[in-house]
Amino acid sequence: MKKRPVTTLFMLSSVDGKISTGNSDLLDVDSDYPAMDGVKEGLHQYYEIEQTTDLWSLNSGLVQAKLGVNQKEYPDKTPVSFVVIDNKNLTDHGVSYFCRRAKTFVLVTTNTQHPAFSVQEDNLHIICQKN
(Lines give C-alpha, C1' and ligand atoms only; values in the text may rest on other atoms or scores of the structure.)
Protein backbone atom coordinates (compact mmCIF):
# COMPACT_ATOMS: atom_id res chain seq x y z
CA MET A 1 0.00 0.00 0.00
CA LYS A 2 1.43 3.34 -1.06
CA LYS A 3 1.46 6.23 1.36
CA ARG A 4 0.08 9.42 -0.13
CA PRO A 5 0.80 12.87 1.21
CA VAL A 6 -2.10 14.66 2.80
CA THR A 7 -2.87 17.76 0.76
CA THR A 8 -5.34 20.34 1.98
CA LEU A 9 -6.39 23.32 -0.10
CA PHE A 10 -7.36 26.43 1.83
CA MET A 11 -9.12 28.73 -0.57
CA LEU A 12 -11.25 31.80 -0.27
CA SER A 13 -14.34 31.67 -2.44
CA SER A 14 -17.76 33.20 -2.57
CA VAL A 15 -20.93 31.17 -2.08
CA ASP A 16 -21.33 30.89 -5.86
CA GLY A 17 -17.81 29.42 -6.14
CA LYS A 18 -15.95 32.45 -7.46
CA ILE A 19 -12.34 32.78 -6.34
CA SER A 20 -11.93 36.36 -7.46
CA THR A 21 -13.95 39.54 -7.51
CA GLY A 22 -13.82 39.81 -11.29
CA ASN A 23 -11.78 39.57 -14.47
CA SER A 24 -10.18 42.99 -14.40
CA ASP A 25 -7.00 44.59 -13.09
CA LEU A 26 -9.26 47.00 -11.19
CA LEU A 27 -10.73 44.14 -9.16
CA ASP A 28 -8.40 42.39 -6.73
CA VAL A 29 -9.19 39.88 -3.96
CA ASP A 30 -6.35 41.13 -1.75
CA SER A 31 -7.70 44.67 -1.71
CA ASP A 32 -11.43 43.97 -2.21
CA TYR A 33 -12.14 41.23 0.39
CA PRO A 34 -10.88 43.22 3.43
CA ALA A 35 -13.31 46.02 2.49
CA MET A 36 -16.39 43.86 1.78
CA ASP A 37 -19.08 43.68 4.45
CA GLY A 38 -19.87 40.07 5.25
CA VAL A 39 -16.45 38.91 4.04
CA LYS A 40 -14.03 41.05 6.03
CA GLU A 41 -15.49 39.84 9.33
CA GLY A 42 -14.42 36.23 8.68
CA LEU A 43 -11.21 36.85 6.76
CA HIS A 44 -9.10 36.43 9.92
CA GLN A 45 -10.19 32.78 10.07
CA TYR A 46 -8.53 32.06 6.74
CA TYR A 47 -5.28 33.69 7.82
CA GLU A 48 -5.31 31.89 11.19
CA ILE A 49 -5.73 28.49 9.52
CA GLU A 50 -3.10 29.37 6.94
CA GLN A 51 -0.51 29.85 9.69
CA THR A 52 -0.94 26.24 10.88
CA THR A 53 -0.08 24.57 7.58
CA ASP A 54 3.01 23.71 5.54
CA LEU A 55 2.57 26.72 3.36
CA TRP A 56 2.93 26.82 -0.39
CA SER A 57 1.41 29.79 -2.11
CA LEU A 58 0.65 29.86 -5.85
CA ASN A 59 0.54 33.33 -7.39
CA SER A 60 0.82 35.14 -10.69
CA GLY A 61 3.50 37.70 -11.44
CA LEU A 62 0.82 40.12 -12.59
CA VAL A 63 -0.94 40.11 -9.21
CA GLN A 64 2.36 40.38 -7.33
CA ALA A 65 3.49 43.30 -9.49
CA LYS A 66 0.15 45.02 -8.72
CA LEU A 67 0.84 44.48 -5.02
CA GLY A 68 4.14 46.30 -5.42
CA VAL A 69 6.81 43.62 -4.93
CA ASN A 70 8.95 45.23 -7.62
CA GLN A 71 9.35 48.32 -5.41
CA LYS A 72 8.70 47.15 -1.83
CA GLU A 73 11.44 47.02 0.76
CA TYR A 74 12.77 43.52 1.27
CA PRO A 75 10.78 41.59 3.88
CA ASP A 76 11.84 39.26 6.65
CA LYS A 77 12.00 35.53 5.93
CA THR A 78 8.74 33.60 6.40
CA PRO A 79 8.00 29.84 6.51
CA VAL A 80 5.97 30.18 3.30
CA SER A 81 7.23 28.78 -0.01
CA PHE A 82 6.05 30.51 -3.17
CA VAL A 83 5.40 29.43 -6.74
CA VAL A 84 4.92 32.37 -9.10
CA ILE A 85 3.96 32.00 -12.73
CA ASP A 86 5.37 34.95 -14.63
CA ASN A 87 6.71 35.87 -18.06
CA LYS A 88 7.13 39.64 -17.87
CA ASN A 89 5.76 41.30 -14.73
CA LEU A 90 8.43 40.70 -12.08
CA THR A 91 11.68 42.63 -12.13
CA ASP A 92 14.95 41.39 -10.63
CA HIS A 93 13.94 43.30 -7.45
CA GLY A 94 10.59 41.45 -7.38
CA VAL A 95 12.37 38.10 -7.73
CA SER A 96 14.84 39.03 -4.98
CA TYR A 97 11.89 40.13 -2.83
CA PHE A 98 10.43 36.62 -3.02
CA CYS A 99 13.80 34.98 -2.44
CA ARG A 100 14.25 36.97 0.76
CA ARG A 101 10.68 36.33 1.88
CA ALA A 102 10.25 32.67 0.95
CA LYS A 103 11.50 29.44 2.40
CA THR A 104 11.67 28.25 -1.24
CA PHE A 105 10.85 30.34 -4.32
CA VAL A 106 9.91 28.68 -7.60
CA LEU A 107 9.42 30.84 -10.68
CA VAL A 108 7.66 29.23 -13.65
CA THR A 109 8.14 30.99 -16.99
CA THR A 110 8.38 30.58 -20.74
CA ASN A 111 10.58 33.69 -21.00
CA THR A 112 14.23 32.70 -21.45
CA GLN A 113 15.16 36.37 -20.84
CA HIS A 114 13.28 36.69 -17.54
CA PRO A 115 15.09 38.86 -14.95
CA ALA A 116 15.06 35.87 -12.56
CA PHE A 117 17.97 34.37 -14.49
CA SER A 118 20.19 37.22 -13.24
CA VAL A 119 19.34 36.61 -9.57
CA GLN A 120 21.65 34.31 -7.62
CA GLU A 121 19.92 32.94 -4.51
CA ASP A 122 20.12 29.46 -2.98
CA ASN A 123 16.35 29.15 -2.56
CA LEU A 124 15.49 30.23 -6.13
CA HIS A 125 14.38 27.53 -8.56
CA ILE A 126 13.38 28.42 -12.10
CA ILE A 127 11.24 26.19 -14.29
CA CYS A 128 11.49 27.45 -17.85
CA GLN A 129 9.42 25.69 -20.51
CA LYS A 130 8.93 26.41 -24.19
CA ASN A 131 5.18 26.89 -23.78
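All values below come from the heavy atoms of this structure, side chains included, with hydrogens, waters and symmetry mates left out.
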Colleague: Which donor-acceptor pairs under 3.5 Å do side chains of residues 91-100 form with protein atoms, sequence neighbours excluded?
Modeller:
unit_1	atom_1	unit_2	atom_2	d
T91	OG1	N70	OD1	3.1
T91	OG1	H93	N	3.3
T91	OG1	G94	N	3.2
H93	ND1	Y74	OH	3.1
H93	NE2	K72	O	2.6
S96	OG	D92	O	3.1

Colleague: Nearest 0.5 angstrom please: I127 CD1 to Q129 CD, how far?
Modeller: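 Output value for this atom pair is 7.0 Å.
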Colleague: Are there over 12 heavy-atom neighbours, none belonging to E41, within less than 6.0 Å of that residue's CD?
Modeller: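 Atom CD in E41 is crowded, with more than 12 foreign heavy atoms closer than 6.0 Å.
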Colleague: Got a sec, which residues hit side chain to side chain donor-acceptor pair (under 3.5 Å) with K77, two or more places apart in sequence or on another chain?
Modeller: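 Result, side chain to side chain donor-acceptor pair (under 3.5 Å) vs K77: none returned.
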Colleague: Less than 4.5 Å apart, any side-chain heavy atom of V84 and any of L90?
Modeller: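 V84 vs L90: side chains touch.
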Colleague: Could you pull out all residues at least two apart from D37 that satisfy salt bridge (Lys or Arg N to Asp or Glu O under 4.0 Å)?
Modeller: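 Counting only residues at least two positions away or on another chain, D37 forms a salt bridge (Lys or Arg N to Asp or Glu O under 4.0 Å) with K40.
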Colleague: Which atoms form the tightest heavy-atom contact between V119 and L124, and what is the distance?
Modeller: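 The answer is O-CD2, 3.6 Å.
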Colleague: Tell me, please, which residues at least two apart from S60 pass side chain to side chain donor-acceptor pair (under 3.5 Å).
Modeller: none
Colleague: Which pairs pass ring pair (Phe, Tyr, Trp, His ring centres under 6.0 Å) with one or both residues in residues 106-131, sequence neighbours excluded?
Modeller: none
Colleague: Under the rule for side chain to side chain donor-acceptor pair (under 3.5 Å), what residues qualify as partners of N59, not counting sequence neighbours?
Modeller: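 S57, Q64.
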Colleague: Under 3.5 Å, is there a donor-acceptor pair between the side chain of S81 and the main chain of K103?
Modeller: no
Colleague: Can you tell me if T109 and N87 form a side-chain donor-acceptor pair at under 3.5 Å?
Modeller: yes
Colleague: Passes side-chain contact (heavy atoms from CB on, under 4.5 Å), E121 versus F105? Steps please.
Modeller: CA-CA 9 Å; E121 295 285 347; F105 177 50; over 6 Å; no
Colleague: Can you tell me how far the CG atom of N89 sits from the CG atom of L62, to the nearest 0.5 Å?
Modeller: 5.0 Å
Colleague: Nearest 0.5 angstrom please: C128 SG to L107 CG, how far?
Modeller: 9.0 Å
Colleague: What are the two closest heavy atoms between A102 and N123, and how far apart are they?
Modeller: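 Taking A102 first and N123 second, the nearest heavy atoms are O-ND2, 2.9 Å.
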Colleague: So do the side chains of W56 and V106 get within less than 4.5 Å of each other, counting heavy atoms only?
Modeller: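 Answer yes - side chains close enough.
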Colleague: Nearest 0.5 Å, please: how far is CD1 in I126 from CG in N111?
Modeller: 10.5 Å
